[in-house]
Each structure stands twice: as structure tokens, then as C-alpha cells.
Amino acid sequence: MKSNEIAGLEHSRSLINRRFFLGRAGVGLAALNGLIGNQREASADDHPTLHSGPGTAHFLPKAKRVIYLFQSGGPSQLDLFDPKPGLMKRFGEEVPKSIYPDERKTTMSNAQSKFGTAPSAFKFNRCGRSGLELSELLPNISQMADDMCVIRSMHTQAINHDPAITLMQSGSQIPGRPSMGAWLSYGLGSETENLPTFVAMSSRGSGKGGQPIYDRLWGSGFLPSIHQGVKFRNQGSPVLDIYDPAGVNSKVRRTMLDYLGKLNELKFQSSGDAEIQTRIAQYELAGKMQASVPELLDFSQETKSSLAMYGKDVRRQGSYAFNCLVARRLAERGVRFIQLFHQGWDQHGNLPKQIRKQCIDTDQPTAALIRDLKLRGMFEDTLIVWAGEFGRTVYSQGALTHQNYGRDHHGNCFSVWLAGAGIRGGMSYGATDDYSVNVVENKLEPHDLNATILHQMGIDHTRLTYPFQGRDYRLTDVHGTVVRDILS
């Protein structure tokens, strides 16, 4: 062999060995950092660092976990949370172009000949001691008014469903970034050995089919794949292959996992690929979930009053009520981030009928979840978030009558609400103009909401970063301000 070929071979060997060492060191250091972070009591006086690794909170959190109730499709703020009684005298009048210019209308409605003002067909009531105004469509949630902070001044540049949902979940309209649950898993690690750190569930509304929900909304993006969410399916086996096939008992399954772990470890020793360690950990978790998931979904120990609180659909797998109860049970068992996606809020036509059905689906179970957490002493350290991707127009899409109207997509303003874990209850934050078209007070972006959620979990959003392709990424990108006015 020629000397230059020998030199080239030695150089290749050197690169492989260096890659192997760094891969092993990276996994080892991440694990060590996680162990140290989980044992260390975080303090508000911690010195800031440029990067934050796994398992490290920056200060004492208010929340141990997040239950994120995502209402897919764009719930109408005008009919639920942002009362505009003055619009009744403007019924059917053209919305002034100074308020709603043509360039802000979508192609689904911009060809209409008329853009008549459509006041809500529903009354708003002052609720609780605080007098927070909420729609008559939410009689059960209204009883929780003194625990809720309604933000009426959310704003987004995204005007179509997929980019808007992707922005809310990952901080970018472009797919491929890690979801919020994945960031929290990476930043804080797990509190449970028998269930995933991050679980997602979906349900279909009674009103209509709704927009599709893509698996990447609970994906890990460029973070290690161990941080991606696990979806509990809404029909059949909640997790594929969670049950042993016929003829395979737990002992056989354990033997198989042990041998599989050894094979993966041999592969890791030869390649140094950190994803193999993820695979080993996920197989082990899957084995533990064979016992934990059936127990989780067994409601036989729930009292009759507890089941009744969530409503008649609570035992129907795939219903919003079922998922809300499962969310509480997941929270009890140490799952850090629980996300429910409820489809069907995209009401371009026949909105009064459609939104009433959606509220029948969601109102009672949502209120029951808050009550249940309170009864179990978990409300104070559980952050509940209720949000969609944008709002709806004040003008009617299609024909307008007092009993029927539709609303197109609207990003300039929409409403979300939060409760629990250090959130000031019984208040609204921000304001919109007389038409609920533009924010006139305390405009917030999705990055601000996400920064606030991370803050309640003990994370400084500017310090939870991950290096990828030559730059440091974070959930809030280069934006985001914690909304301290809504914090107690």
C-alpha cells in the first residue's frame, strides 16, 4: 500500500474515532447534565448561561405540567370571548374599509359583493365575582370565570390553518421545528418512568370534520427523537403494538427486549450514533407502557360523580370528554406536557349551529377538568391553556341573517385563555376595536404566549436553545416577551 493511501486510511480512522468519542461523550454529558439538573433545586438567583441543556430549570416553576387544549380551526372570538354589543345597531352594514381593508381579506371571501357586519347571535354574561364576560355558549366554563385569564389581544401573521397551527405549536410557520412539548421534554426531562414525557390526543367535533391534524405537531424536529410526543390514538389500540400478540407472554416479551437491547448496544458501540440510545430507551419505555397504559385507561376506579362531571361521552374513546379525563389521569402520573387537539372550529358557514355543537362537545369536559384538578390539589401546579390558531371575521362570509352567518379566517385578533399555576384568574387582558378586527391594547404574538408558558414551567425562553446547522434555535426564535401582567 502506498504511503499516501496509508495516510488517508489513518486520517479516516481518526475521523471515525473522533466522531465515536464525541457521540458517546454527547450522550454521556447530556445524561449527566439531566441527572444533575433533576437533583438540583433551581433558584431564581442562578447565573445566566448562553445555553441550557437537558434537565435544567432556570428558576423555581409555578407549574409542574401543562395541559394544552388546542381548538383546531379558529374559534370565533366574537361569539365566545370578545363581546361587542354595539355591533347590534350596525347589523348588515358594510364593514368600513378603514377597519377591514380589502388586502386583509382571504381568497375565500374577497370576491363577495357585500361584507355586512355580523354581530354575534349569542348573549354574553358577567360571570363569577370578577364579572368576566363570557358567552352563553359556555355555561360550565363560565362557572370557572374567577380562575381564568382571557387574553383578547392575540395577533398572528398566519392566515391559513396549517402555517398558523404550526406557528402556535413550534414558533415557526415552516414545518420542521420542534413542538413545544418536545422543547419542554428536552429542557426539563421526565418525571415518570412508565409513561412518555409528552402525550398528544385528538378528537373530532360534532359540528364538522375539521382540518387535518399532522403528526409533526407533536414532533421533535431537530431535537433528539426521544423528545417527540407519543400520540394516543382515538380508536382501537391507544398505542400500536402495546398489547402482546397471541402466544407471547410477558416473560417472552422481556427476553426479546433484553436481546434487542444488547443488539442495539453492540451497534452503538460500533457507530456511536446517539439515536441508537434513543431507540434503546424507547423500546424500554414501550415495554413499561404495556402495563401503564391499560391501567391508565381503566376508568373502573373513577367514582360515578367524577365520570358524570365530564359528561355522557366520557367513556367513548376518541371523544373530547374521554381525552380530558385521560389528561387528568396522565397529569397524576407525572406526564409533563399533555396536548388535546379538538377539530371542527373552521366555521365559514352556518356558524351559529356549528359553534353550538362544538361548545356542547367541549364546555362541560373543560370545566370538569378544572374542577377535577382542584379537587385533587393539582390546579395550583397545572397550567391549562385553551387556544386556537386564529380568530374569525366580523363580516359575514356568505348570506347574513339574524339566525345564520359564517365567518372567514382572521389573524389580526383572536382570544385564548389560561388558568392555574400562577395565572391571575377572573381577568381579561388586552382589547380590540369596536369591530373586533384589530388589537388596540396589549397586542400579543404567539411567541409571547409561548414565552409565558415556558416561564411558568421555570424556563427562561431565551436560554432554552439547541444548536442546529450553524445557529442556535429556540421555541420563540428571536422574539417573545413574558406577559407578567397576567401572572399572580
Side-chain angles (χ1 to χ4, degrees), residues 27 31 34 38 54 64-65 67 179 181-182 184-186 188-203 213 215 217-220 223-268 274-302 306-307 314-319 321-341:
V27 171
N38 287 334
K64 290 183 178 179
R65 65 197 70 86
I67 300 178
S179 58
L184 281 170
S185 173
Y186 166 71
L188 296 176
S190 180
E191 285 194 329
T192 174
E193 294 182 353
N194 300 320
L195 286 165
T197 305
F198 171 19
V199 171
M201 295 176 280
S202 66
S203 53
I213 299 294
D215 286 7
L217 295 175
W218 47 90
S220 58
L223 291 176
S225 57
I226 195 170
H227 301 298
Q228 72 181 18
V230 173
K231 181 183 179 181
F232 282 14
R233 300 164 71 236
N234 54 23
Q235 58 183 349
S237 178
V239 180
L240 289 176
D241 303 319
I242 197 67
Y243 301 109
D244 290 330
V248 177
N249 59 33
S250 58
K251 184 178 179 180
V252 172
R253 175 73 70 159
R254 181 68 260 171
T255 302
M256 182 272 290
L257 286 174
D258 289 342
Y259 276 111
L260 187 60
K262 290 176 181 178
L263 288 172
N264 278 320
E265 184 62 33
L266 287 172
K267 183 65 175 176
F268 176 70
E275 280 298 301
I276 295 174
Q277 294 287 61
T278 291
R279 195 177 305 146
I280 293 171
Q282 295 296 70
Y283 275 124
E284 285 298 317
L285 176 60
K288 293 173 181 177
M289 286 170 61
Q290 287 192 293
S292 62
V293 170
E295 183 277 332
L296 168 77
L297 301 179
D298 178 6
F299 294 171
S300 62
Q301 298 302 310
E302 295 287 337
S306 176
L307 293 171
V314 70
R315 291 187 180 275
R316 180 169 62 84
Q317 182 184 357
S319 71
F322 179 92
N323 289 349
C324 280
L325 179 54
V326 173
R328 190 221 79 208
R329 292 172 66 86
L330 286 167
E332 285 180 305
R333 288 157 177 77
V335 176
R336 193 179 294 282
F337 194 86
I338 305 151
Q339 185 139 33
L340 277 59
F341 293 87

Closest non-hydrogen atom pair, [X] against [Y]:
| X | Y | value |
| --- | --- | --- |
| Leu307 | Val314 | O-CG1, 3.7 Å |
| Ser319 | Ser203 | C-CB, 3.9 Å |
| Met289 | Pro294 | O-CD, 3.5 Å |

* Asked: Is the count of non-hydrogen atoms from other residues, nucleotides or ligands lying under 6.0 Å from Lys64 atom NZ greater than 12?
  -> no

* Sidechain N-carboxylate O distance under 4.0 Å for Glu191, Arg65 -> no

* Any side-chain heavy atom of Phe337 sitting closer than 4.5 Å to one from Ser179? -> no

* So, do Met201 and Leu330 sit near enough that their side-chain heavy atoms are less than 4.5 Å apart? -> yes

* With sequence neighbours excluded, residues passing side-chain hydrogen bond (donor to acceptor under 3.5 Å, both in side chains) with Asp298 -> Ser300

* Asked: When you measure from the side chain of Arg329 to the backbone N and O of Glu295, does any donor-acceptor pair fall under 3.5 Å?
  -> yes

* Asked: Would His227 and Ser185 count as having a side-chain donor-acceptor pair, cut-off 3.5 Å?
  -> yes

* side-chain hydrogen bond (donor to acceptor under 3.5 Å, both in side chains) contacts touching residues 192-201 (sequence neighbours left out) -> Ser190-Thr197

* **Residues in ring-ring contact (aromatic ring centres under 6.0 Å, His included) contact with Phe232, at least two apart in sequence or another chain** => none

